[in-house]
*Asks:* 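Quick one: the structure is below, questions incoming.
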Amino acid sequence: MNNETEYQSAPAFLNDLSDVQREAVTYNDGPTLIIAGAGSGKTRVLTYKIAYLLHCGIPAARIMALTFTNKAANEMKERISNLVGLKHARYLHMGTFHSVFLKILRLEAEHLGYNKDFTIYDATDTKSLLKNIVKEMGLDEKIYKPAALYDRISRAKNNVISPAQYARDSRQTSLDRKDRLGRMPEIYQMYVTRCRRANAMDFDDLLYYTYLLFDQNPELQRYYQERFDYVLVDEYQDTNPLQDLIIKQLVIRHQHLCVVGDDAQSIYSFRGACIENILQFRTTYPSTKLFKLEENYRSTQNIVNAANSLIWKNRGQIRKEVFSNKEKGEQLHLIDTATDRKEAEYIAETVYRLKRKNTCDYNQMAVLYRTRAQSRALEEAMRAYGIPYIIYGDLSFYQRKEIKDALGYLRLCTNRNDEESLRRIINTPARGLGDTTLTKLWEAARAYDTTVWKVVCNPLQYDVKINKGTQKKLADFASMFQVFDQMRHQLDAYELAKDIIKHSGLGESLLADKDEESLSRYENLQELLNGIHEFVELKKKEGNESATLAEFLAEVSLLTDMDTQEDDQPHITLMTIHAAKGLEFHTVFVAGLEEQIIPSPRSISENDIEEERRLLYVAITRAEKTCYLTYARCRFRNGKSEFATPSRFLSDIDSRYLHNTNKQAFSQEKTSFKGWISDEPVTHTQHKPHTPNKLVSTGQAYQKTEEKKHISVEGLSVGCRVHHKIFGNGTISAIFEENGNIKAEVNFDQQGKKSLLLKFAKLERI
DNA sequence: TGACCGCGTCTTTTT
DNA sequence: GACGCGGTCA
């Protein structure tokens with residue numbers, strides 16, 4: 001490390017840190033492993049360390065900081081900006097593994113035989129491609145399921161196994177044969193070939209090709225080693241072998257590496273994360289200096305102790321003693337309920353009560369669950385109690401059909417070889433190019449070993465047997481893209497996208513049907529355009545005049561819904577435990593603490609069970625003050641009610657830290673719920689005495705969500721005069737919920753009655 | 001070629 | 001319960 005650092009006066013911000021934290025931040029003489037217990041200020045240490053490095057004179061552009069989520073990256077960037085100012089922080093190479101390496105790959109694509117405008121295939125594209133490969137190979141689609149194949153290919157790549165190596169790996173192939181997937185090696189090979197031909201990379205490729213790039217081009221590896229003086233890695237316990245290797249490639253010479261993690265919070269092994277990376281870090285980098293952050297600044301003693309007692313039941317871990325100096329606090333509340341519905345109701349009622357007593361704001365509460373399926377009952381209950389909520393991980397904006405269609409056009413525009421986009425949009429909107437034609441095109445492309453796009457442009461040359469009508473349709477389709485191509489050089493990404501949506505007929509086809517659904521889809525398209533517009537403007541502000549469509553598309557494909565959630569009004573958060581990692585809340589509800597849920601029935605080995613235990617550990621340690629653990633005796637799953645038994649993990653928690661609440665206590669309490677829902681009284685489930693040992697079908701008990709409830713929201717209510725950017729002025733005639741979305745029915749002066757999604761409609765009050 | 005219906009399958013977690 | 005798929009019909 002630069003010797004000058006020694007002589008610089010210590011920056012004032014170091015005083016914000018505890019002694020151990022400060023030591024960890026200022027030690028920069030070699031590989032550093034920071035084991036950071038839950039709530040111990042991990043992000044703080046990482047951000048301060050970066051700020052400190054900047055203070056020591058290392059240019060921001062020479063620091064690489066890798067995280068797992070965009071959210072974590074953005075948060076750190078913001079915090080660093082607060083410490084050292086935005087003008088420094090801006091040039092940091094900070095982001096997710098995927099986004100940071102993507103930037104490198106764009107620059108070096110040719111070394112890998114790729115074109116720099118390559119497309120990124122998301123999980124949907126990947127599965128669709130695999131499905132087609134299976135079809136083409138004439139295999140049984142019931143056995144060769146895309147998800148299973150993707151899983152194996154992903155696993156292979158994340159363990160740095162090429163198709164050729166895969167085929168030679170007898171352990172792997174016999175495993176495949178056991179699952180009747182004997183053709184896996186060919187599928188893997190074919191998949192790689194097809195991605196290449198499509199000039200596309202999937203998520204794993206962004207890592208895999210980075211590794212290959214360095215591995216096959218020593219001089220490039222050398223360049224990037226020197227390009228980055230310091231590499232930092234967040235959530236190191238979640239790295240997979242491939243990520244670990246790339247890190248090694250980058251730092252092997254200077255060893256200026258700092259990793260932060262907590263083995264107790266390793267919950268992504270299903271995605272190839274390898275807890276051994278952190279456990280063996282000191283073997284890989286023998287001169288490692290280890291720091292342990294064991295003081296938890298987040299939670300009360302009771303919560304920390306309860307979590308400790310649970311996690312100590314695991315065998316494989318770096319022993320540490322997380323402690324809290326905060327107040328002792330409440331015990332964890334253990335709640336036993338009759339059914340999943342009752343559980344959800346209990347939670348909603350408690351949330352309502354806490355809010356009413358001003359104990360806790362909505363924003364400071366979260367409900368965590370193991371599986372997505374659990375969210376439905378919770379959602380219903382929140383709605384019934386008029387509690388504003390957000391579900392993380394719902395179908396994200398970019399996953400909607402109309403958005404994916406539009407993106408398909410944009411993608412095809414930047415990369416003609418993107419076969420998945422072509423497949424998606426060639427007949428969207430319908431233009432008479434159906435399955436039969438598609439099959440012929442794809443078959444011809446394979447027969448002539450060429451790209452589908454070439455066949456589309458010249459079907460006769462490749463012996464595609466189609467009639468005159470179809471030829472014309474294909475020619476029209478192809479020439480449409482020729483026009484786009486010309487515009488591409490004259491317009492910025494926003495204007496280009498606008499034109500494409502217009503000329504492709506996508507927008508029109510949605511406007512043609514007058515139903516609400518199409519309308520909201522049309523609005524989504526507008527919203528997409530707004531997004532591109534913002535992107536272009538942002539890039540211009542940053543001095544990047546040539547914000548290309550490709551850049552936007554790349555950004556979008558690496559975005560998850562985690563990053564796009566807007567929280568304009570206070571709300572409680574519903575999410576999976578996985579999604580909650582790194583977050584903290586005053587009050588946390590962990591729902592569904594039952595066998596078959598946590599641990600999941602898929603967890604078989606002891607290692608699996610330990611990961612599930614860590615999962616619960618993560619859940620509990622999200623809580624600052626209050627933590628509710630709930631379970632139901634009977635749960636509705638797979639379309640029927642099933643008995644459930646409390647999770648084994650509950651007995652792992654030392655009973656001293658648990659308070660077992662009598663389940664009957666809450667259902668006696670009668671409260672009337674008014675307030676957020678104003679007009680109509682809420683239809684409550686009757687508190688019938690429940691019959692414990694009878695299977696009750698709760699199916700019909702779910703309320704119809706289409707039922708219109710009149711509510712007022714975001715300062716809008718019935719009778720308001722509003723302005724809409726497309727439909728002009730109008731009067732709100734109703735506000736109601738539908739499928740979890742809040743909609744307004746507006747009587748427009750010019751255009752008549754329309755129902756609009758408030759989320760997107762951006763109605764302005766006039 | 002598109003719309004509709006009934007059947008089977010699935011439910012872990014996501015960059 | 002929800003979605004996707006394959007089959008059938010217009």
Side-chain angles (χ1 to χ4, degrees), chain A residues 66-73 95-102 120-124 126-128 131 135 141-142 145-148 150-151 154 157-158 201-207 235 238-240 242-243 266-273 340 368-377 380 392-393 395-396 399 427-438 469-470 473 554 556-563 575-581 592 596-604 608 611-612 614-616 618-619 635-642 697-702 705 739:
Chain A
L66 302 168
T67 66
F68 275 83
T69 62
N70 296 305
K71 203 177 167 201
T96 61
F97 281 85
H98 298 266
S99 70
V100 169
F101 295 148
L102 168 65
I120 299 170
Y121 274 177
D122 67 13
T124 317
T126 294
K127 283 183 207 153
S128 149
K131 194 177 159 187
K135 217 181 256 175
E141 293 177 56
K142 294 246 160 57
K145 291 182 201 150
Y150 183 26
D151 195 56
S154 174
K157 285 182 187 162
N158 284 312
M201 292 194 191
D202 68 19
F203 288 137
D204 301 314
D205 288 334
L206 295 180
L207 305 177
E235 308 276 17
D238 289 331
T239 51
N240 62 40
L242 179 56
Q243 289 162 324
S266 158
I267 54 174
Y268 279 106
S269 76
F270 72 93
R271 220 168 68 192
D340 51 345
L368 311 182
Y369 37 81
R370 178 65 179 76
T371 65
R372 285 265 147 91
Q374 292 169 255
S375 69
R376 195 172 306 122
E380 302 275 345
Y392 266 63
L395 193 61
S396 94
Q399 295 293 315
N427 201 31
T428 313
R431 46 173 76 87
L433 297 168
D435 265 353
T436 326
T437 312
L438 286 203
T470 310
K473 289 168 193 161
V556 159
S557 56
L558 294 179
L559 220 59
T560 61
D561 32 316
M562 290 272 284
D563 312 308
M575 61 182 151
T576 64
I577 301 174
H578 283 89
K581 199 170 74 164
Q596 308 298 311
I597 291 193
I598 184 165
S600 138
R602 293 214 177 179
S603 312
I604 302 154
D608 295 340
E611 176 145 328
E612 298 285 307
R614 290 194 292 270
L615 205 46
L616 182 55
V618 168
R635 181 170 295 274
F636 199 73
R637 49 182 355 208
N638 295 348
K640 52 181 185 290
S641 276
E642 284 173 359
S697 164
T698 54
Q700 81 277 20
Y702 284 109
T705 54
N739 304 324

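Please read all numbers here as calculations on a predicted model, not as lab measurements. Every chain is numbered from 1 and lettered A, B, ... according to where its sequence line falls, protein lines coming before strand lines. Only this structure's heavy atoms are used, side chains among them; waters, hydrogens and symmetry mates stay out.
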*Asks:* Hey, could you give me the CZ/CD distance between A:R602 and A:E612, rounded to the nearest 0.5 Å?
*Replies:* 11.5 Å
*Asks:* If each of A:L433 and A:H578 is mapped to the nucleotide of DNA chain B with the nearest heavy atom, which maps nearer the 5' terminus, i.e. the 5' end?
*Replies:* A:L433
*Asks:* Just checking A:F68: base, sugar-phosphate only, or nothing, at a heavy-atom cut-off of under 4.0 Å?
*Replies:* sugar-phosphate
*Asks:* Measuring from the side chain of A:Y150 (C-beta onward, heavy atoms only), which nucleotide among B:dG2, B:dT13, B:dT15 has the closest atom?
*Replies:* B:dT15
*Asks:* Parallel under 30°, tilted from 30 to 60°, perpendicular over 60°: which one fits the rings of A:F68 and A:F97?
*Replies:* tilted
*Asks:* Within the structure provided, determine whether A:I598 and A:Y369 are in side-chain contact (heavy-atom separation under 4.5 Å).
*Replies:* no
*Asks:* Whole-Å distance between B:dT13 C1' and A:I577 CD1?
*Replies:* 10 Å
*Asks:* In whole angstroms, how far is the P atom of B:dT15 from the CD1 atom of A:I120?
*Replies:* 14 Å
*Asks:* Where the side chain of A:F636 is defined as all heavy atoms beyond and including C-beta, which of C:dG1, B:dT14, B:dT15 is the nearest nucleotide?
*Replies:* C:dG1
*Asks:* Check A:T96 against A:T69 and note the closest heavy-atom contact, atom names and distance.
*Replies:* CG2-C, 3.3 Å
*Asks:* If I take atom CG in residue A:D151 and atom C1' in nucleotide B:dT14, what distance separates them, rounded to the nearest angstrom?
*Replies:* 12 Å
*Asks:* Starting from the C-alpha separation in whole Å, work towards a yes-or-no answer on ring pair (Phe, Tyr, Trp, His ring centres under 6.0 Å) for A:H578 and A:Y392.
*Replies:* CA-CA 11 Å; A:H578 283 89; A:Y392 266 63; over 10 Å; no
*Asks:* Can A:D202 and A:K157 be counted as an ion pair, charged N to O under 4.0 angstrom?
*Replies:* yes
*Asks:* List every contact pair, protein side and nucleotides 2-5 of chain C side both N or O, where the distance is under 3.5 Å.
*Replies:*
from	atom 1	to	atom 2	distance (Å)
C:dC5	OP1	A:K131	NZ	2.9

*Asks:* Nearest whole angstrom, please: distance from the P of B:dC10 to the CZ of A:R637.
*Replies:* 15 Å
*Asks:* Can you tell which of B:dG2, B:dT9, B:dT14 lies closest to the side chain of A:K145?
*Replies:* B:dT9
*Asks:* Can you tell me how far P of B:dT14 sits from CG of A:L206, to the nearest Å?
*Replies:* 19 Å
*Asks:* On DNA chain B, check which nucleotide each of A:S600 and A:T436 is closest to and give me the residue with the more 5' one.
*Replies:* A:T436
*Asks:* Heavy atoms from C-beta onward define the side chain here; which of B:dT15, B:dT13, C:dG1 lies closest to that of A:F270?
*Replies:* B:dT13
*Asks:* Return the minimal non-hydrogen interatomic distance between A:R614 and A:S266, and the atom names on each side.
*Replies:* NE-O, 2.7 Å
